[in-house]
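In what follows, a single structure is set out as structure tokens and then discussed.
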Amino acid sequence: MARYPVLRGLYELDKTIGCGGFAKVKLATHILTGEKVAIKIMDKRSLGENLHRVRVELDALQTLSHHHISQLYQVLETESHFFLVVEYCSGGELFDHIVEKNRLSEKEARAAFRQIVSAVAYLHSLGFVHRDLKPENVLLDKDLNMKLIDFGLCAKPNGGLKGFLYTSCGSPTYAAPELVLGKKYLGHEVDVWSMGVLLYALLCGFLPFDDDKIDTLYKKILDGKYEEPSWLTMESRRLIRSMLQIDPKKRIRVDELLNHPWVMRGFREPVCVNNSSNMKEYDIQCVGLLARQRNVSPEDMWELLSKWKYDYNTATYFLMLNRKRRGLPVRLF
Ligand SMILES: CN(C)C[C@H]1CC[C@H](N2C(=O)N(C)Cc3cnc4ccc(-c5cc(Cl)c(O)c(Cl)c5)nc4c32)CC1
């Protein structure tokens, strides 16, 4: 694995855990902490016009810090490659989780859906829209927490959430009618539609709109008609209908989802938006440990760290904080 000299001494590369589009994702170990990470490797030569998507994803990931979003630890760039070191999700894809269980109970679906709504609401609160929400882009960590990934298609419409978007993108199966029609659309409204498709998949185990032929699929989406299996409760049907509204103006908004009766059932609190995991705070133990490792004073270490350059120091600090929050001993090798 010495193919990437820039990683030598920092990460030990393991197997490839997935490929997609213009990226390869490899499992790796962060040497100083021994923690597992995922490294998304992109060959600049094969990026072509996707290069701007890498910038978009980088801009998003460097701003985002949330318990249900795969955390960015480090960015490395050589003349031929980009490397994004991100939080590893050992529980695999939500999609596979649904398939193996056939479908989730309303209780399980609610727990998963609340975490996804929390991540999307947080994303929107910072002016981002994901635009490619689908079960394949929701992974699980070892504690079966949801982790949103792949911000290559996300957008930060100028003029914030009022700003219209025009690029038709994302996977057709989860695409909202207005996106399919190629009309101008509001990003957060298409994210709500995709979350509706996701919730349907969680509760039913199959997709509301599906067809091998793309134009038949589009017709089904524009028609907005889908099957409501007998096991769906009336409340589930109502929520899904409010999300899969063809007219984006009639579609439920994310802030209405946060305390929707179906989302609240069995919970005392609405979905919290800013459960940002706030990794960028001072932790005396971690700063001290890293300072000793680097043979500098804690003050100088914090001076360095708080520039959040997403270099090896940032990665080490975030991973130490991660371990501490999981109640594990914080140590450096
Ligand atoms: C189908 N996609 C276009 C790519 C696919 C690549 C493998 C990946 N994966 C998997 O498919 N497992 C099954 C294992 C796995 C484990 N941990 C991961 C942690 C992070 C990511 C990740 C992937 C991408 Cl493309 C990102 O932009 C970010 Cl921010 C994060 N992918 C992971 C990942 C899922 C997506």
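Each ligand, and each atom within it, is numbered from 1 in the order the structure gives. Nothing fancy with the numbering, it's 1 onward along the sequence.
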Note: Glu189-Lys249 ion pair, threshold 4.0 Å (strictly below): yes
Charged N-O contact under 4.0 Å between Glu35 and Lys142: no
Which atoms from ligand 1 have a heavy atom of [X] less than 4.0 Å away?
X	value
Gly18	6 (C), 7 (C)
Glu87	19 (C), 20 (C)
Asp150	3 (C), 25 (Cl), 26 (C), 27 (O), 28 (C), 29 (Cl)
Glu93	11 (O)

Considering only the protein, which heavy-atom contact is closest to [atom], and what is its distance?
atom	result
atom 5 (C) of ligand 1	Cys19 O, 4.3 Å
atom 15 (C) of ligand 1	Ile17 CD1, 3.7 Å
atom 31 (N) of ligand 1	Leu139 CD1, 3.6 Å
atom 35 (C) of ligand 1	Ile149 CD1, 3.5 Å

Pair Thr316-Asn313, side-chain donor/acceptor within less than 3.5 Å: no
Considering only heavy atoms, does [X] approach ligand 1 within less than 4.0 Å through its side chain, its backbone, both, or neither?
X	result
Glu57	side chain
Asn137	neither
Cys89	both
Val25	side chain
Val86	side chain

Arg114 charged N/C atom sitting above Phe267 aromatic ring, 6.0 Å / 45°: yes
Atom of Met146, atom of Ile116 and distance for their closest heavy-atom approach: CG-CG1, 4.2 Å
Atom of Lys225, atom of Phe209 and distance for their closest heavy-atom approach: O-CE2, 3.5 Å
Contacts under 3.5 angstrom, residues 194-203 side chains, donor-acceptor by atom type, not counting sequence neighbours:
from	atom 1	to	atom 2	distance (Å)
Ser194	OG	Tyr174	O	3.0
Ser194	OG	Val190	O	3.1
Tyr200	OH	Glu227	O	2.6

Test side chain to side chain contact (heavy atoms under 4.5 Å, CB included) applied to Cys286 and Leu289, step by step: CA-CA 5 Å; Cys286 296; Leu289 206 52; 5.7 Å; no
Connected hydrophobic set around Val25, excluding itself, where side chains approach under 4.5 Å: Ile17, Leu27, Tyr88
Test of proximity, Lys40 against ligand 1: N or O pairs below 3.5 Å: yes
